[in-house]
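Okay, structure first, notes after.
In what follows, chains carry the letters A, B, and so on, assigned in the order in which the sequence lines appear, proteins first and then strands, with residues in each chain numbered from 1.
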Amino acid sequence: MRTVSFSIRKKILLLFGLLILGSIAVYIWSAIKMFREDKTAYIFENNLQQVERLKNTSENFLKKVTRDTLLLVNFQQANQESIFLQSLDNLDYLKQVFSLQSAGIVKRYKMALADDETIIKNIPTDYKNGFSFKPIKINNTAMVIFYFQDPKLTEIWGGVISLETIQKNLSKNKDQQDLILTKQNIPLTQDIAADSPLLNAVTQTVVAKGAAQTSEIKIGGQDFLIAATESSEFDLSFFSLTSKEAAFRVANHLTKKSMIFGIFIISGTLIAGIIFSNTLTGPIQNLFRATQSVAEGNFNVKFDINTSDEIGALADSFQIMSKKILEYIEESKEKVRMEKELEVAATVQQSFFPQNSIQYPKVELSAFYKSASECGGDWWGHIKIGHHIILGIGDATGHGVPAALLTATINSSFHLIEKMIEFSPGLIERPDELMKILNQTVVKMGGQIHMTFFLGIVDLKKSELHYSNASHNFPLIVDSEKIAGGNGEDWLDILDEANGPRLGHQKDAQYSKAMAMLSPGQVLVMLTDGLIEGENNEGRQWGERRLKKALQENNSNKVDEVLNGIVDQAFTFYNNEALKDDVTLLLTRLS
Amino acid sequence: MINITQKAPQDPSFTVVGVLDEDFRPESIAQISAPEVVFDFKELKGINSCGIRSWITMLEKQMSGKKIIYNNCPSILVQQINLVQGLLPTNGLIQSFMAPYFCEKCDKEYSVLINAKDINELKAPAASCPQDKSSMEFDAIEKQFFSFLRK
């Protein structure tokens with residue numbers, strides 16, 4: 001028997017592993033990847049929007065500064081001093097306004113935050129649209145100083161803006177840091193050291209002209225997303241930095257959750273697969289173990305499979321099959337036992353029959369017997385008492401064991417006749433009385449089975465045959481001398497007298513007797529119907545006509561030769577077809 | 001299975017159809033008051049010992065004292081009548097029967113309907129083969145087959 005190297009359970013698990021788990025894993029990986037890409041795009045876009053917003057709000061504010069400054073300058077140039085001062089008071093963000101010429105500071109308005117030296121020192125060398133902005137420190141407070149130069153004016157105007165006013169435009173997000181740099185890469189809004197890594201990294205970022213863009217930079221070993229853009233109105237660059245870790249915190253969190261959820265689904269699927277495979281293969285393994293048990297000869301196998309599917313039905317069928325096989329084995333054992341008993345019975349029955357060829361002074365017997373099954377229902381026998389020979393031949397209804405039991409009874413009873421005749425010598429001439437005794441014997445067996453019987457007593461001295469018949473096939477007397485040249489059935493005589501009911505048929509059956517002459521040379525033919533009713537493979541019986549011809553063709557002085565000739569012809573006709581009934585032939589010839 | 005039907009009410013003629021076996025019930029035959037009863041066995045297909053025993057019982061109990069006439073007896077019934085006492089009562093007779101014949105020329109067996117009165121000295125009447133018209137041989141031992149005529 002082959003060994004199971006690749007079980008169904010493994011195949012199911014492999015199927016789950018490769019197909020289902022693989023599909024789920026690929027799906028989860030794809031979903032997470034798409035989610036991260038989408039989130040990244042969103043974060044980058046968000047950064048761009050932030051830097052654009054910073055740029056727009058800052059530019060709007062600085063444009064306001066420039067408009068207000070130009071308005072103030074105009075009031076000043078038109079000598080409208082009172083309006084100038086009134087307007088200046090309304091501008092809260094403007095902490096100081098000044099004008100200067102090459103000779104020095106001309107005027108200062110509002111608070112004197114920046115001293116002359118600071119104002120002069122920070123005069124820019126170039127302007128864009130007439131304005132230039134610079135960060136300064138006044139009393140350690142970061143502020144923005146701006147200058148306005150117009151070719152039509154002889155003086156430069158400027159002012160100091162509160163840094164807080166500009167910082168209002170910066171992002172309030174703690175994970176986001178906005179930065180505005182001047183053209184000289186000086187932070188306008190923060191107090192950052194010139195050699196700080198942040199500033200170095202920011203200044204190295206390529207700032208797109210016009211359109212904003214987002215890129216990744218590394219600052220102090222930490223990853224940042226930086227969006228940068230440049231002002232078209234002022235010499236300023238705008239930056240918005242976001243910690244990548246912070247930007248992707250939610251995305252990473254969701255990714256992590258998705259992965260955990262994916263692992264949970266995969267684990268669940270795997271567990272479901274294992275449970276499913278166990279549920280499916282468990283009964284199969286039980287069934288397999290049961291078949292192994294049966295293969296080892298244990299047919300009384302029991303197992304518990306309660307599934308309502310095909311495997312459950314198969315298990316039921318297997319148990320029924322095992323039970324049936326067990327029953328068949330028991331039946332076979334019983335059959336073997338019965339066959340052995342039948343063999344013994346057949347052996348015992350064989351002992352009922354004397355040898356086939358018997359010779360006494362003045363008489364010879366020749367007999368043939370063949371049973372259709374192990375035990376037959378035919379019987380024949382003889383007793384030699386003085387100058388008498390008692391011959392008997394019988395045929396029990398049916399064959400097999402019941403018929404064989406009857407033959408055993410008849411065999412015993414028949415041989416008791418010898419003892420009876422010792423006590424009642426007159427019985428030797430009363431075949432009818434002897435038949436009654438045999439009938440009583442058979443009746444005592446219950447009357448369920450009968451026997452046809454012919455009983456003949458040959459008086460060798462007188463050449464007389466006294467007989468009685470119990471519905472048995474009529475014996476024939478063949479006159480050998482008349483066969484040759486005989487006409488019709490002149491050579492044949494039928495002993496059809498003294499016929500009575502079968503043995504066992506009637507409790508008080510009466511039998512009669514008759515006498516026929518049996519001269520030396522004549523052959524007494526006794527047979528059972530199995531001989532003439534034997535069929536060939538075409539279903540045709542051998543029949544009385546062929547028996548008659550066989551008797552004619554086998555005319556001999558020796559009954560053995562006659563008998564063998566008849567039997568040969570009959571069995572040649574049967575052509576090995578199985579006998580349906582026992583065959584018995586008994587020939588007797590006086591010499 | 002045997003089916004025995006009366007040809008007409010109060011008609012003492014019966015037709016026997018089927019196999020005379022253990023299924024035969026003697027009481028299934030209607031009581032007949034007529035002194036003579038006729039059985040037609042033309043459709044009798046088989047017979048066994050149990051059927052014979054029941055038939056004899058029927059004759060003894062229901063047909064006692066009546067003249068029993070058998071017509072169209074098949075060979076198997078004739079053979080049993082010869083052997084079994086009582087199957088044909090002492091006051092019964094076979095009017096017609098089927099006798100076995102054999103045509104040696106065409107190697108076939110035939111059954112020929114014969115009237116009992118046509119039998120002389122227990123010799124089978126001559127019969128010719130229905131196929132080749134040649135003379136057929138009697139397919140049994142005449143003395144044995146016709147022994148019922150001696151009863």
- With a 4.5 angstrom heavy-atom cut-off, could you sort out which part of L495(A) is near chain B: side chain, backbone, both or neither? neither
- Based on non-hydrogen pairs under 4.5 Å, which of H450(A), H505(A), K548(A), R540(A) is most in contact with chain B? R540(A)
- How many angstroms lie between CG in L547(A) and CD in Q144(B), if you round to the nearest 0.5 Å? 8.5 Å
- Task: Hey, could you give me the CZ/CD distance between R545(A) and E104(B), rounded to the nearest 0.5 Å?
- Result: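 Separation between the atoms: 6.5 Å.
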Taking all non-hydrogen atoms of both residues, which atom of [X] and which atom of [Y] are closest, and how far apart?
| X | Y | result |
| --- | --- | --- |
| D496(A) | S147(B) | OD2-CB, 3.1 Å |
| N499(A) | N82(B) | ND2-O, 3.5 Å |
| P501(A) | Q85(B) | CD-OE1, 3.3 Å |

Is the count of non-hydrogen atoms from other residues, nucleotides or ligands lying under 6.0 Å from [X] atom [atom1] greater than 12?
| X | atom1 | answer |
| --- | --- | --- |
| E464(A) | CD | yes |
| N537(A) | CG | yes |
| E481(A) | CD | no |
| K7(B) | NZ | yes |
| K370(A) | NZ | no |

- Can you check whether K143(B)'s main-chain N or O pairs, donor with acceptor, with E489(A)'s side chain at less than 3.5 Å? yes
- Message: Within the 4.5 Å heavy-atom criterion, are L476(A) and I141(B) side-chain neighbours or not?
- Response: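 Yes; the side chains approach each other to less than 4.5 Å.
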- Of all residues at least two apart in sequence or in a different chain, which pass the ring-ring contact (aromatic ring centres under 6.0 Å, His included) check with Y511(A)?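 Y511(A) satisfies ring-ring contact (aromatic ring centres under 6.0 Å, His included) with no other residue.
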- Item | Residues from residues 13-27 of chain B approaching chain A under 4.5 Å (heavy atoms) | none
